[in-house]
Amino acid sequence: MTRARFMLSVPVWVLVSTLGVWAASDPEVEAPPTEETESRPKPPPKLEITQPQTSVQQLFDLDLRRWPEERFYENLTDLINELSVRYGAEATAVLLDTAELFLGQMMVAEAESVLEGLEVIVSGQARRKTALVHAQQLLGGDPVEAFETSPLSEENRPDRAFWSVLQAINTADGQMLNDNLSDGVIGLMHQTRPVAREVLPIIIEAMIETEKLVLADRTLELLESFPDLNDAPMGHYLRGRAAEKRRNQKTALTHYFEAIKGFDRYAVRSRIAIADMAMKDGGRGALMAAEDVLENGLDAWRGDLFEIATLEKLTEVYDIAEERVESLILLSKITMRFPGTAAAERAEARSSDALRAVYQDGFDGKIPLSRWLSVHLRLVPAFRYHPEYAQLVEELADHLMELGGTSMAAKEYQRALEFRLDLIEMNGSLVTVADIDRNKLKLARAFAKGGQYAEAKAAIAALDDTTDIVLRNQINRLRAKVAAHIGDTDALLRTHVMSPSEDNLRNVSHALWEKQDWVQANEFYNRLWAEYPESFALSDATYLLIAAHRSGDRNTATRVVEAFPDMTASQNWVRLAESFLTQPPDVSTLTRDAADERLDRLSNALSNIEGNGL
């Protein structure tokens, strides 16, 4: 059997704003806190929590003091033995005593198990069961419905205010809390030490947050009865918080820094308190101290609202210090650590603008590329499902392409495409067909520019279903380029491009030339010369000259020679041009001399072509 922890459904530290309203109207509230200049003497007598000297049950419905802590095992053994010989109402009475015994030890789960098994009881025992069930709920952190009718709420109970305080905290009822805090300490005296040990820190904190500071100081004396709490982070945190409420910053920080040496939730809260004080200070040194305290405590407590509070507080500190990258990384950590929670939703909302800002710093060169890519890879797991993230990844790939990093760009285009395909499965309205097609085309271009033609060909094939006419023309341009590079002449010639580029025309012309389709080659080289005259090079002219000669277009051949006088710088080119431009011997009369002359011209032409590297 284990002792249950006292867990409130609404933590006191969350209720500060609610409780403060009632504190202002309480006649016992002290004057506004001022800077403490000297220590105040503790008013005697000293409060203590001690075990009662009698075993007589003072309250029939519920009296936890009937079961002293040091006699737990003896009492439990006696109850078990008693249960073995009792039946009916007598057995029920023994079980009710057993539940009360467990509650006195703060074994709330065990008490709940016993009470749930009591389905049929006699009318005379119903009231006592109700009191036990309500006590179990309140000590377990759950509110009681219709508490005003509960046996624990009756005026004649000396611990009525104690149970009312727990009900007020569990229901966030500021008025009820304010009305019962003072008497709640008296009611605490009617509980066992295990109960007091769990509940006392909660009541002290409620006093501090409602600024009943004199009462809190007196009640803190009770904490000395529990040295393991008094000297632990809990005790230091509560004293630090009380000092902070009095604006005694030095004392508060002393206790907080002592508390953060531990590893429990009060150590976590002390780190957050130090950060809050640093943020109010606003100085660079204070913010650096807050960063150090919170960063060192990130792994000290995991898995609940206190880890969330630590992460969110550190992001606030980073934001004030204008450390956007670190803030964004923490926001991504929240989304990964706590998916589907309100904290994750808050982090995602905050990260939208932050994402754009961080990537824009990379585009503008404010972040070194290596650092930027490192941050990018850390953000990928957290933000891959963010609606805007795929676009940012695509823009990063565009930037890498501009820098000449084709392989890295291809990886990022592929990543952006995967993110978009995932988003389609989650919510088709987040991605358009145009987004997908544009992304695929950019991926194919990155492969082609990097010389990965097989990958480029596969990426282009994934665009076969595209119906957009403009995009289709861009796809065909790239398809023709890739086909030319891999030597797929048939694919190149089959690919129709409505507005061919310079490279496309050159590739088609050369493919036709290699297929010895001299008429088409002559036509396309002429088109290349006409549409891109500034790019029509000497090598293009050479191929055109040959194609023109083979197709019998003497006008084009003459025009090429006249347009490229540099050809005369090479004697081989001069002889080649002369052999193409001079009229061959008439073959109408089949003389031996004419035949020999034609063979000599062919031999010379071939020699000239070989000499010019064609």
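Nothing fancy with the numbering, it's 1 onward along the sequence. Computation of the quantities below employed the complete heavy-atom set of this structure, encompassing side-chain atoms and omitting hydrogens, waters and symmetry-equivalent molecules. Just so it is clear, the structure is predicted and the values come from calculations on it, not from any experiment.
The main-chain N or O of Phe419 is never found under 3.5 Å from a side-chain atom of Arg384 such that the two would form a donor-acceptor pair. With hydrogens and angles ignored, the 3.5 Å screen pairs a side-chain donor or acceptor of Gln125 with a backbone N or O of Ala89. At distances below 3.5 Å, at least one donor-acceptor pair connects side-chain atoms of Asn296 with backbone N or O atoms of Asp292. Not a single donor-acceptor pair under 3.5 Å links the side chain of Asp281 to the backbone N or O of Met277. Here the side chain of Asn170 pairs a donor or acceptor atom with the backbone of Leu166 at under 3.5 angstrom. In terms of modelled atom types and a separation under 3.5 Å, the side chain of Glu100 and the main chain of Asp63 share a donor-acceptor contact. Using modelled atom types, one side-chain atom of Arg271 and one backbone atom of Ile260 make a donor-acceptor pair closer than 3.5 Å. Counting only distance, with no hydrogens or angles, the side chain of Thr341 and the backbone of Ala344 share a donor-acceptor pair below 3.5 Å. Not one N or O on the side chain of Ser153 forms a donor-acceptor pair closer than 3.5 Å with the backbone of Thr149. At least one donor-acceptor pair closer than 3.5 Å links the side chain of Thr92 to the backbone N or O of Gly88.
Considering only heavy atoms from C-beta on, Pro158 stays 4.5 Å or farther from Ile186 through its side chain. Between Leu138 and Phe147, the closest side-chain pair of non-hydrogen atoms falls below 4.5 Å. Side-chain contact between Ser225 and Arg193 is present, with at least one heavy-atom pair separated by less than 4.5 Å. Between Leu103 and Val195 there is no side-chain heavy-atom pair separated by less than 4.5 Å. At a threshold of 4.5 Å between non-hydrogen side-chain atoms, the residues Tyr266 and Pro201 count as touching. Two residues are said to be in side-chain contact when any heavy atoms from C-beta on lie closer than 4.5 Å; Leu62 and Trp163 meet this criterion. A heavy-atom distance below 4.5 Å is not found between the side chains of Leu101 and Leu64. Side-chain contact between Tyr318 and Arg324 is absent, with no heavy-atom pair separated by less than 4.5 Å.
Taking the charged nitrogens against the carboxylate oxygens, Arg415 and Glu418 have no contact shorter than 4.0 Å, which rules out a salt bridge. Comment: Lys129 does not engage Glu116 in a salt bridge, judged by the lack of any side-chain N to carboxylate O separation of less than 4.0 angstrom. Looking at Arg247 and Glu244, no side-chain N of the basic residue comes within less than 4.0 Å of a carboxylate O on the acidic one, giving no salt bridge. Under a 4.0 Å N-O distance rule, the pair Asp276/Lys313 qualifies as a salt bridge. Residues Glu388 and Arg356 are not paired through a salt bridge, judged by the lack of any N-O separation under 4.0 Å between the basic side chain and the carboxylate. Classification of Glu154 and Arg157 as a salt-bridged pair fails, no side-chain N sitting under 4.0 Å from a carboxylate O.
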- [ ] Evaluate side chain to side chain contact (heavy atoms under 4.5 Å, CB included) for Phe383 paired with Met336, printing each intermediate quantity in order.
- [x] CA-CA 9 Å; Phe383 294 104; Met336 288 188 294; over 6 Å; no

Open item on the list: Under the criterion side chain to side chain contact (heavy atoms under 4.5 Å, CB included), I'd like the reasoning laid out for Phe162 against His190: C-alpha separation, chi angles, the key distance, then a yes or no.
Closed with: CA-CA 9 Å; Phe162 169 78; His190 290 268; over 6 Å; no

- [ ] Test Met279 against Ile320 for side chain to side chain contact (heavy atoms under 4.5 Å, CB included), laying out the working first.
- [x] CA-CA 8 Å; Met279 291 168 67; Ile320 294 175; 3.6 Å; yes

TODO: Decide side chain to side chain contact (heavy atoms under 4.5 Å, CB included) for Val268 and Phe263; before the verdict, give the C-alpha distance in whole Å, the side-chain angles of both, and the deciding distance to 0.1 Å.
DONE: CA-CA 7 Å; Val268 177; Phe263 297 94; over 6 Å; no

Task: side chain to side chain donor-acceptor pair (under 3.5 Å) evaluation trace for Asp173 with Thr171 - done: CA-CA 5 Å; Asp173 189 332; Thr171 58; 4.7 Å; no

Open item on the list: Pair Gln175, Asp179 - check side chain to side chain donor-acceptor pair (under 3.5 Å), show working.
Closed with: CA-CA 6 Å; Gln175 181 68 67; Asp179 291 344; 2.9 Å; yes

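Of all heavy-atom pairs between Ala343 and Ile308, the closest is CB-CG2, 3.6 Å. Shortest non-hydrogen contact noted between Ala267 and Gly262 is CB-O, 3.5 Å. Looking at every heavy atom in both residues, Ala252 comes nearest to Ala243 through N-CB, 3.7 Å. The two residues Ala290 and Ala275 come nearest to each other via the heavy atoms CB-CA, 3.9 Å. When every heavy atom of Arg265 is checked against every heavy atom of Trp301, the shortest pair comes out as N-CZ3, 3.6 Å. The two residues Thr335 and Ala347 come nearest to each other via the heavy atoms CG2-CB, 3.8 Å.
The CG atom of Leu118 lies 9.0 Å from the OG1 atom of Thr98; values are rounded to the nearest 0.5 Å. Atom CG of Leu132 is separated from atom CZ of Arg127 by 12.0 Å, given to the nearest 0.5 angstrom. Taken to the nearest 0.5 Å, the CG atom of Asp231 stands 12.5 Å off from the CE atom of Met234. Of the inter-residue distances, the one linking Ser327 atom OG with Arg350 atom CZ reads 5.5 Å to the nearest 0.5 angstrom. Between atom CD1 of residue Ile208 and atom CZ of residue Arg239 there is a gap of 9.0 Å, rounded to the nearest 0.5 Å. If you take CG on Asp97 and CG on Leu76, they are separated by 12.0 Å, rounding to the nearest 0.5 Å.
Screening Arg246, Arg241, Lys245 for a salt bridge (Lys or Arg N to Asp or Glu O under 4.0 Å) with Glu211, the sole residue that qualifies is Lys245. Among Leu330, Thr315, Leu314, the single residue meeting the side-chain contact (heavy atoms from CB on, under 4.5 Å) criterion with Leu294 is Leu314.
By the 30° and 60° cut-offs, the orientation of the rings of Trp372 relative to Tyr359 is perpendicular. Taking the six-membered ring where the residue is Trp, Tyr256 and Tyr237 present tilted rings, their angle falling between 30° and 60°. Ring geometry for His236 versus His255: interplanar angle of 30 to 60°, hence tilted.
Gln191 and Asp159 form a side-chain donor-acceptor contact under 3.5 Å, judged by distance and modelled atom types alone.
Within a 6.0 Å sphere centred on CE of Met288, heavy atoms belonging to other residues, nucleotides or ligands number 12 at most. For Glu322, the CD atom is loosely surrounded, since the number of other residues' heavy atoms within 6.0 Å does not exceed 12. By the neighbour-count criterion of 12 heavy atoms within 6.0 Å, atom CZ of Arg378 is sparsely surrounded, having that number or fewer from other residues, nucleotides or ligands.
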